[in-house]
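This structure is a prediction, so every number in the text was calculated from the model and none was measured. Below, chains carry the letters A, B, ... as their sequence lines are ordered, and counting in each starts from 1.
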There are 2 protein chains.
Amino acid sequence: MNKIDGEVAAEASVVKLKDVALRAGCSVATASRVLNGHSTVGAMERERVLAAAAQLGYVPNNAARALRSQSTSLVGVIIPTLDHAIYAKMVSGLQERLARNGKAVIISTSDYDLERERIQARLLVGRGVEAIVLVGIEHHPETVDYLRRAGVTPVFTYTNELGSSDAAVGFDNRHAGASVARFLLDLGHKRFGMIAGITHGNDRATERRDGFLAELTGAGISRREIVVVESRYNIENGRAAMRSLMQTYPRLTTVFCGSDILAVGAIKYCHEAGIAVPGEVSVVGFDNLEIAELVTPELTTLDVPAREMGEATAEALLRLGDKKETAIVTELPTRLIVRGSTGPVSPSGRPA
Amino acid sequence: MNKIDGEVAAEASVVKLKDVALRAGCSVATASRVLNGHSTVGAMERERVLAAAAQLGYVPNNAARALRSQSTSLVGVIIPTLDHAIYAKMVSGLQERLARNGKAVIISTSDYDLERERIQARLLVGRGVEAIVLVGIEHHPETVDYLRRAGVTPVFTYTNELGSSDAAVGFDNRHAGASVARFLLDLGHKRFGMIAGITHGNDRATERRDGFLAELTGAGISRREIVVVESRYNIENGRAAMRSLMQTYPRLTTVFCGSDILAVGAIKYCHEAGIAVPGEVSVVGFDNLEIAELVTPELTTLDVPAREMGEATAEALLRLGDKKETAIVTELPTRLIVRGSTGPVSPSGRPA
DNA sequence: CTGTTAGCGCATTCAC
DNA sequence: GTGAATGCGCTAACAG
């Protein structure tokens, strides 16, 4: 049985441009021109093509389009892990903003391993991505070079330094770490601990720690009196790290954690061990995740606008695509959210 | 300057199969065969091709491969939102497992809107995905039909019903809801409230609620005595819903929430309002997110193995690709995790 | 076992 | 303005 022209046609298994042209009574070339917005097409002709495409439910074959035009409308993103809300939020913002401009995102994860990141980058290049969004400024020496040679735009997030990328969207981790130190100093703290993320291959963790330490030593605190441990980002590790810290250095009055995840674990340990927060020890987190407001006391933390970072990254990508700009740095504001987990130190040197 | 054979060659801007063949001294067909693991190639020849590919850093052009072979190694996934950890975890498991088999995932979000889901599905088809992972069994009437006609494998998650899909990976939401009811009945509760997710277009929320209600009415509780409100999944809404519930029906002894997100908000409200949990009201969540262990008291909740669901989905997809199976149902275990937010009701009808 | 040939669906050059 | 022809990089027939 033939389809009757004008009825809501049952779509063929795959509608191709040829089918649209056939129905519109023109050549595929014309149909292609219309669908791609090339102005040089008669108004009537254009109408018919558009109508035909709509009726047939035409969806362009991206593989063919990509092969022909060298443009895939695909963006790759490599994050350490999707399990961490801070990255999930960033990807969410990126994906939604990009989708509005017809671009799709392919996601992959490196588990904080720069070598894996490099492999993933190659794979994404094979997939034809036009740009790759990376986290941080520190990468395998070959990664960015490789992207460059492949004509893929590298973009860094979680940093405000362009480095070897075409765009950086983020904030100054070092400054953020320093601002936490400043806040704690102003509260009168003298004995500091830090539970940092694993700094190996992770510039964000490194910078946060170094900014924190620099501010403290600048204030006359001896580096040797500051205890720093590193821990993978999960609650259980945060708890364990806090235990080891407090058992070894019971006189610490405050502990800065490189992530809320760790801070929340730290607070859990304090509960168990009967250590008052902030009475005996003040705890500060980083990221301002939802969990920061769930613990008791609520967590003082540095707010990172993850979703906005994803959106801003998308916008940078879009602008880069217009070729009007060649290098973009978007610095996002961070700010300290003071809640109940921090307090002043009494003149005796113990928290009030 | 010419590249010298044998040195670690600087990769050309884009290395093609032809380049590999050239260097290996064979035809592109042979090179293709080697790279695709077709056994019928001589050992020496295969060696040389492999070596050439490695030295040049050859990465196949997926667009061309896709166009020619109708196989893209691309899987699409449409989830309500990446902001909800339960979906982020699922995607994480899916992505990692698929990556091990050379498949990539394109992600998109529907914001719980079945019409948006339908649009996203079409877009993903245009991208050439071989399968699409959907959440739940309820979809726009055209969505699955469309996928079928386009030759794209539809897979449902968060459900154990095959429906119109080729594979279902998940659990019985109705049964899960019922098991929560059973647990609360056994504790002696008589006055029940529920903060469900928005059930419109969301079979998971609907089933959880219906299973809960069915078990209760089956136990002789009148439907009219059970108070159900619906709320979007975020903490603030959970808090507001709990407020409205407790202010209007102060005699409720227990409230079941369709997600830990809501439950956590509910508990926050109880803290503010001075309502003892579980002394005055028992609260149960759903999902067993990390946040369940962060609130005080810790949350009794139904564990949903989200990451495993993603992994199992990937495996179902892989098996479907082998064409040995044609329909796969994988039911995952859920179990109630009893923590501190629930307790028995005293003979007086109030919680003990 | 290996090379030659012919498209996959589309965007674009070139004629008209 | 519009149509016919070309080829993007690769894989799958087909020969040899």
Next on the checklist: Could you go through Gln95(B) and Thr109(A), starting from their C-alpha distance and side-chain angles, then the distance that decides it, and tell me whether this counts as side-chain hydrogen bond (donor to acceptor under 3.5 Å, both in side chains)?
Outcome noted: CA-CA 8 Å; Gln95(B) 191 276 129; Thr109(A) 50; 3.1 Å; yes
Checklist outcome for this item: Nt span of DNA chain D in reach of chain B heavy atoms at under 4.0 Å, 5' end first, is dG9(D) to dA13(D)
Item to check | Ile132(A) and its side chain to side chain contact (heavy atoms under 4.5 Å, CB included) partner, picked from Val155(A), Val152(A), Val144(A) | outcome: Val152(A)
Checklist entry - Would you call Glu138(B)-Arg204(B) a salt bridge at under 4.0 Å N-O? => result no
Item to check | Sidechain N-carboxylate O distance under 4.0 Å for Glu96(A), Arg307(A) | outcome: yes
Next on the checklist: What's the separation between atom CD1 in Ile106(B) and atom CZ in Arg127(B), rounded to the nearest 0.5 Å?
Outcome noted: 6.0 Å
Checklist entry - Should Glu311(B) and Arg97(B) count as an ion pair when the cut-off is N to O under 4.0 Å? => result no
Next on the checklist: Ring-plane angle category for Phe156(A) and His139(A), please: parallel below 30°, perpendicular beyond 60°, tilted otherwise.
Outcome noted: tilted
Next on the checklist: Walk along nucleotides 7-14 of chain C from 5' to 3' and tag each nucleotide B, S or - by protein heavy-atom contact under 4.0 Å, base first, then sugar-phosphate.
Outcome noted: BBBBBBB-
